[in-house]
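Right, one structure below, let's go through it.
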Amino acid sequence: MGGWAIAVHGGAGVDPNLPQERQEEAKKLLARCLDLGISALRSNLPAIDVVELVVRELETDPLFNSGRGSALTENGTVEMEASIMDGPKRRCGAVSGLTTVKNPISLARLVMEKSPHSYLAFSGAEEFARHQGVETVDNGYFITEENLGMLKLAKEANSILFDYRIPAVGLESCSVGPPDDNLLAMNGLPISLYAPETVGCVVVDSQGRCAAATSTGGLMNKMAGRIGDSPLIGAGTYACDLCGVSCTGEGEAIIRGTLARDVAAVMEYKGLSLQEAVDFVVNERLDEGRAGLIAVSRNGEVACRFNTNAMFRGFATEDGFTEVGIWD
């Protein structure tokens, strides 16, 4: 074993004109989350505790698309989803359709530890949350003025809007008009902009135990009831005795490619290293989709790969390596 390692992400795909001030805010948040995780790992907390701790921090800050600051559905409400997985025994928990749970990732862990199931959604998940006594808030807590403005733009464009984090001062330059040949498509339908800012954390602790956690509000102007890759074990999140993986990007492409599980699979079946496995699945399993992922191995390695223009990300290892970045 090569010691502990941690990686965090705040989404793949970034507005090329994102103001420097906003870039610095994102880097500071990622650095703060890394410091939180590093401190926990130095205190010998197990990996599963660390990923939950870090993702809770990301959910509480409205900068990225999870918890407070989540994307809005077509109805102007928030429906959040999250998943968590503990590598040693591949235990997992996932939730979708949350409207009042302050920290979805913690409810996902309770599903893993306090229920006979792996996945609860919508009213069933909310009822389970009440029975477990988790903190709940009114749905309005999650809604920001910025997101209300971006939902309005998305509706005017009659589009699912991915890049809803462009600050209000730059809205006049948003390309939310008619689709053109350079735009991405989701399941064959054109979309205007691309920057889904799902959050995630992967950790391997000093005992070689891997864990992964992912949380999101989904897509701006998404259909009510839509479920993406983030709560799907093997798609947006996966951990086993070899590695831990968290994905972000075009959810439907990640689902089709079972991206997170495939990293572990090619490590196991093809004997690839962590970085080789990450490179392989991004290059070969996305079928023209756009996504990114972070990963750690039981040997204390960290890896990242994305085929978007950028990805909010940060890494740290026990041997002193630390990095926070956005662009390629």
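Only a predicted model underlies this, so the values are computations on that prediction, with no experimental measurement involved. Start at 1 with the first residue, then count along the sequence.
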- Task: Please round to the nearest 0.5 Å and tell me the distance separating atom CG of Leu30 and atom CZ of Phe315.
- Result: 10.0 Å

- Item | No-hydrogen, no-angle side-chain donor-acceptor test under 3.5 Å, Ser215 and Glu59 | yes

- Task: Inspect the surroundings of NZ in Lys27 and state if more than 12 heavy atoms from other residues, nucleotides or ligands are less than 6.0 Å away.
- Result: yes

- Report yes if some heavy atom in the side chain of Leu151 is under 4.5 Å from a heavy atom in the side chain of Asn147; otherwise report no. no

- Message: Does any part of the side chain of Ser66, heavy atoms only, come nearer than 4.5 Å to the side chain of Met80, both counted from C-beta?
- Response: no

- Residue pair Glu146, Arg22: steps toward the salt bridge (Lys or Arg N to Asp or Glu O under 4.0 Å) verdict: CA-CA 13 Å; Glu146 181 183 42; Arg22 195 57 174 268; 3.4 Å; yes

- Item | By salt bridge (Lys or Arg N to Asp or Glu O under 4.0 Å) - contacts of Glu323 (at least two apart) | none

- Message: Hydrogens and angles aside, do Tyr141 and Thr100 bring a side-chain donor and acceptor to less than 3.5 Å of each other?
- Response: no

- Hey, are Arg109 and Asp49 close enough for a salt bridge, meaning a charged N less than 4.0 Å from a carboxylate O? yes

- Note on the structure: Scanning both residues in full, the closest heavy-atom pair of Ala260 with Gly236 reads CB-C, 4.1 Å

- Message: Between Arg56 and Ser106, do the side chains contain a donor N or O and an acceptor N or O under 3.5 Å apart?
- Response: yes

- Message: Can a donor-acceptor pair be found, under 3.5 Å and without considering hydrogens, that links the side chain of Ser39 to the backbone of Asp35?
- Response: no

- Item | Minimum-distance pair of heavy atoms, taken over all atoms of Gly10 and Phe64 | O-CD2, 3.5 Å

- Message: For the backbone of Gly225 and the side chain of Glu79, can you confirm whether one donor and one acceptor N or O come within less than 3.5 Å of each other?
- Response: yes

- Item | Minimum heavy-atom distance Asp328-Phe306, with the two atoms named | CA-CZ, 3.8 Å

- Do Arg305 and Glu276 meet the salt-bridge criterion of a basic N to acidic O distance under 4.0 Å? no

- Salt bridge flag under 4.0 Å for residues Asp61 and Arg32: yes

- Message: Checking Arg226 against Glu74 for the salt bridge (Lys or Arg N to Asp or Glu O under 4.0 Å) test, could you report, in this order, the C-alpha distance in whole Å, the side-chain angles of both residues, the deciding distance, and whether it holds?
- Response: CA-CA 11 Å; Arg226 182 261 184 182; Glu74 60 186 357; over 6 Å; no

